[in-house]
Amino acid sequence: MAMNALSRCSNQLRRLPLTRLRQMSTSPWSFFEMAPLDPIIGLNEQFQKDDYPSKVIVGVGAYRDEKGKPFVLPSVRKAEKILAEGGLDMEYAGIAGEPRFVDLALEFAYGEDSAALKEGRIQGVQALSGTGGLRVFGEMMKKHGSTTLYLPNPSWGNHKNIFTNSGLEVKNYRYYDADNSSLDFEGMVHDIKSMPAGSIVLLHACAHNPTGMDPTLEQWKELSSVIKEQDLVTFFDCAYQGFASGDASKDAAAIRMFVEDGHLISMVQSFSKNFGLYGQRVGALSVVGRDAEEAKKVVSQMKTVIRPMYSNPPRHGARLVTTILEDPQLTAEFREECKGMADRINTMRGALKDSLESAGSTRDWSHITDQIGMFAYSGLSNEQVLEMRAKHHVYCTGDGRISMAGVTSDNVDYIANAIHDVAK
Amino acid sequence: MFSALVLLSSALLVTAFPVEAASKTSIDTIWNGVEMGPPDAILGIAQNFRASTDERKVNVCVGAYRDETGQPWVLPSVRAAEGKMIENNENKEYLPIDGDAAFVEKALKFAYGADAPLERIAGVQTLSGTGACRIGGKFLAEFFSGNKIYLPVPTWGNHHKIFGECGLDVQTYRYYDRSTNRLDLDGMLADIKDAPDGSIILLHACAHNPTGCDPNSSQWRALMDLIKEKGHLIFFDSAYQGFASGDAEADAQALRNVMKEGLPMLLAQSFAKNFGLYGERCGTLSVVCKDAETKDILMSQLKNIIRPMYSSPPKHGSSIVKTVLSDDALTGQYYKECTQMADRIQSMRTRLVEAIKEAGSTHDWSHVTEQIGMFAYTGMSAEMCDQLTDEYAIYLTRDGRISIAGLNDNNLKYVAEAVHAVTDGKSITSN
């Protein structure tokens with residue numbers, strides 16, 4: 001208690017203006033505390049330090065092949081060669097990124113046949129993958145009078161962090177029923193109906209992270225009409241298009257439904273998972289306006305946020321996506337490869353469930369095969385997760401979220417036994 | 001009390017942002033009141049250049065290098081590095097929040113020297129210089145709130161926006177005297193002295209943007225002594241290392257002297273110009289600390305700023321720099337190519353002044369000859385710049401800054417004659 005008071009006190013102290021900085025002996029950094037590790041990425045750091053030979057990490061949502069190795073999509077490798085032969089320059093992209101990339105990204109999500117897209121009512125910018133797009137959106141909304149954003153409970157660990165840093169107040173709406181490992185749809189609808197006018201409601205477009213539980217199409221339909229009755233800013237986070245069902249068009253159903261129903265949504269897309277472009281930081285942030293003029297105005301405001309943040313986005317990853325999506329053959333190959341990733345994950349879901357049953361577990365693990373996308377929300381408690389780390393050197397995030405992409409036929413039994421051991 | 005607070009905060013919202021009263025559907029309310037954002041000063045001019053159909057048009061506004069045919073130039077060593085990266089089947093995995101450690105090490109050594117005490121320098125990979133200034137500024141705003149940051153007059157336009165966005169109290173110090181077209185050392189020292197002890201002072205490490213006017217070594221000495229006395233915190237912005245004199249080691253002298261002096265400092269480093277990596281967004285932010293323990297603590301705090309902003313940096317540019325600087329042959333090749341760029345600019349600089357004189361100008365253009373780096377800070381007024389654009393389709397920024405990199409044999413005479421035409425009989429020292 002006393003230590004907490006002391007550290008609060010030192011926090012206060014360091015807000016006072018420093019008067020005189022001397023040389024290195026009286027360092028300006030002397031009152032600094034170690035910041036906490038990021039719950040997801042920090043896991044990697046812990047894992048690296050562990051020298052247990054059979055250690056397994058199923059933490060970060062990054063796809064692994066059946067050997068547990070990082071996977072670069074063959075279509076991406078081909079695109080890379082095409083780019084290298086093309087000898088393109090490395091000039092600055094515009095603040096909004098390359099227009100061609102943005103057009104293709106929006107088509108990918110909203111659909112080539114989207115009336116709103118053809119009318120020019122949907123405009124966007126290239127973003128630094130999902131995180132970057134979310135942050136630009138948050139900062140922009142804060143500047144335009146927004147105060148509150150609602151996340152589903154639970155949501156991706158970094159969401160709250162991003163929007164709090166944007167200056168928004170972050171609240172939750174009910175989403176996951178942990179007792180029944182299912183969607184708490186009634187709770188969700190009730191909470192959405194209670195949101196004050198002007199609130200931002202964030203929806204996961206597909207493959208909800210971390211639960212893998214998505215509304216059905218009927219439920220999306222109901223959500224659409226419920227939200228229509230409200231005065232809310234509807235925002236989609238779309239990080240797994242193509243990865244959820246294996247069909248990119250199908251995975252965009254909710255987004256397209258909302259646009260069709262007349263919602264003026266905004267959305268962030270990440271190309272980290274579906275194109276495997278994680279480290280290239282490729283994404284898009286878009287808005288649907290009443291008309292093209294309005295959408296352009298919003299985009300100009302996005303640019304105002306971007307310029308003092310990083311000026312303009314990196315080109316390489318966007319060029320890879322462009323190269324693929326411009327070429328029907330490469331696009332077809334990409335869709336197959338993306339489906340291949342989704343299929344392997346689904347196979348592993350089945351394998352993990354079977355293996356748990358073989359290990360002798362009598363718990364109901366059907367949620368593992370019911371859930372969709374990259375993650376299995378195991379239902380393990382935080383204590384159980386920590387025990388699994390310490391005893392079995394199996395690393396997953398503290399909320400019991402297992403990255404199925406990291407499960408292979410080589411490690412599935414080991415993981416199943418570890419889970420069974422701590423959960424029985 | 002609570003309802004009063006709610007009313008007050010709603011009133012503030014209404015006055016600050018014209019949000020309409022809540023109506024039944026979102027269609028009519030969401031984006032009302034959104035104005036068209038202002039165009040960026042520099043990038044907006046580049047846009048106008050692109051849109052222009054005038055055959056004579058010349059782009060001397062954006063600070064991007066052009067070769068002697070006016071084309072963008074990708075360094076051969078950079079291309080070679082890309083080839084190597086493909087051969088090595090590099091993967092596309094996330095970088096850590098703080099970036100590629102091997103890249104950061106090379107980058108910091110490039111800036112601070114091969115014998116740099118990296119064990120006590122907290123360095124993170126950033127999205128080029130803008131990203132580094134933003135991360136550094138946010139870091140300072142969080143831990144030094146109430147402290148002012150002093151920017152030179154003039155400075156790169158985006159500095160004001162970046163540091164303002166970070167929530168720092170942005171002030172200025174005199175730097176360039178347009179009545180002499182030279183460094184205003186007295187004004188600079190006076191303003192830095194007046195700044196409250198422990199203020200943040202932004203310094204351009206070399207090739208000041210936009211003026212190209214750097215302190216000489218005795219002026220740097222005077223500056224350092226004063227800053228030391230005042231206990232100020234130096235924030236270096238280094239966007240042109242290697243590009244200024246053609247000698248990367250020489251260009252880093254000022255910042256290395258500060259480090260050796262034992263003063264606390266931050267450094268924003270960009271590889272946009274010197275490696276020609278503009279659009280790949282490659283840079284670093286570093287903080288020189290007293291020991292490894294402090295470094296670790298600072299790293300954790302810097303990561304905390306990065307994670308909710310974009311999670312981790314883009315890897316293509318950093319892989320290129322890492323690949324080049326990890327290969328002796330490629331490194332040697334790179335240094336030559338960078339010198340080549342600097343030499344061409346230097347030659348254009350000299351020839352520009354000669355050509356303006358040949359066109360008949362009797363003004364003293366020696367400031368342009370003495371300036372260093374990518375730009376010529378001519379001393380022309382905004383009206384003269386507008387005239388250059390409107391009548392001659394020459395696109396430059398309205399502060400009279402010409403990007404020399406945009407000059408070549410094809411357009412040099414044309415630009416020189418136009419500059420003479422708009423400045424003839426008028427002053428270039430009272431703008």
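In what follows, chains carry the letters A, B, and so on, assigned in the order in which the sequence lines appear, proteins first and then strands, with residues in each chain numbered from 1.
Looking at B/E280 and A/Q280, their side chains never come closer than 4.5 Å, going by heavy atoms from C-beta outward. Side-chain contact between B/K138 and A/N165: present, with at least one pair of heavy atoms (C-beta onward) separated by less than 4.5 Å. With contacts defined as side-chain heavy-atom distances shorter than 4.5 Å, the pair B/T130/A/M309 does not qualify. Two residues are said to be in side-chain contact when any heavy atoms from C-beta on lie closer than 4.5 Å; B/M309 and A/N161 fail this criterion. A heavy-atom distance below 4.5 Å is not found between the side chains of B/K92 and A/F71. Using a 4.5 Å heavy-atom cutoff, the side chains of B/S312 and A/R281 are in contact. Looking only at side-chain heavy atoms (C-beta outward), A/P314 and B/K315 stay at 4.5 Å or farther from each other. By the 4.5 Å heavy-atom criterion applied to side chains, B/P308 and A/T131 are not counted as neighbours.
Taken from CG in A/D89 to CD in B/Q71, the straight-line distance is 8.5 Å, to the nearest 0.5 Å. Residue B/Y310 holds its OH atom at 15.5 Å from CG of A/L134, rounded to the nearest 0.5 Å. We find the OH-CE distance between B/Y278 and A/M90 to be 11.5 Å, quoted to the nearest 0.5 Å.
In this structure, chain A has a heavy atom under 4.5 Å from the side chain of B/I320, while its backbone stays farther away. A/I200 does not touch chain B: none of its heavy atoms, backbone or side chain, sits under 4.5 Å away. Heavy atoms closer than 4.5 Å to chain A are found in both the backbone and the side chain of B/D296. With a threshold of 4.5 angstrom between heavy atoms, B/N304 approaches chain A through side-chain atoms but not through N, CA, C or O. Proximity to chain A is absent for every atom of B/S128, based on heavy atoms less than 4.5 angstrom apart. B/I86 touches chain A through its side chain: at least one heavy atom from C-beta onward sits under 4.5 Å away, while N, CA, C and O do not. Neither the backbone nor the side chain of B/E293 has a heavy atom closer than 4.5 Å to any heavy atom of chain A. For a residue to count as touching a neighbouring chain, one of its non-hydrogen atoms must lie under 4.5 Å from one of that chain's; by this rule B/R50 does not touch chain A. Only the side chain of A/V76 comes within contact range of chain B, with heavy atoms under 4.5 Å apart.
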Let me see the working for B/L127 and A/S311 under side chain to side chain contact (heavy atoms under 4.5 Å, CB included), right down to the final yes or no.
CA-CA 9 Å; B/L127 275 96; A/S311 278; over 6 Å; no

Determine, stepwise, if the pair A/R77 / B/N89 fulfils side chain to side chain contact (heavy atoms under 4.5 Å, CB included).
CA-CA 9 Å; A/R77 286 266 182 248; B/N89 271 329; 3.4 Å; yes

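Considering all non-hydrogen atoms of both residues, B/V74 and A/L88 come closest at CG2-O, 3.9 Å.
Counting heavy atoms of neighbouring residues, nucleotides and ligands inside a 6.0 Å radius, atom NZ of A/K160 does not exceed 12 of them.
No other option in B/H159, B/H160, B/E90, B/M299 has as many heavy-atom pairs under 4.5 Å with chain A as B/E90. Heavy-atom pairs under 4.5 Å with chain A peak, among B/G83, B/G317, B/P313, at B/P313. Residue with the most contacts toward chain B among A/G87, A/G138, A/G276, A/G283: A/G87 (heavy-atom pairs, distance under 4.5 Å). Annotation: maximal heavy-atom pairing with chain A below 4.5 Å, among B/C133, B/P72, B/G131, occurs at B/P72. If you tally non-hydrogen atom pairs under 4.5 Å between each of A/A127, A/P313, A/G317 and chain B, the highest count goes to A/P313.
Ion pairing between a basic and an acidic side chain is recognised when a charged N comes within 4.0 Å of a carboxylate O; B/E93 and A/K69 show no such pairing.
Tested against B/E165, the residues A/R307, A/K142, A/K143 include a single salt bridge (charged side-chain N to carboxylate O under 4.0 Å, His left out) partner, A/K143.
Between B/H316 and A/H316, the ring planes lie parallel to each other; the angle is under 30°, not in the 30° to 60° tilted range.
Distance alone, capped at 3.5 Å, is enough to place a donor-acceptor pair between the B/R281 side chain and the A/Y310 backbone. The closest donor-acceptor contact from the side chain of B/R134 to the backbone of A/P308 lies under 3.5 Å.
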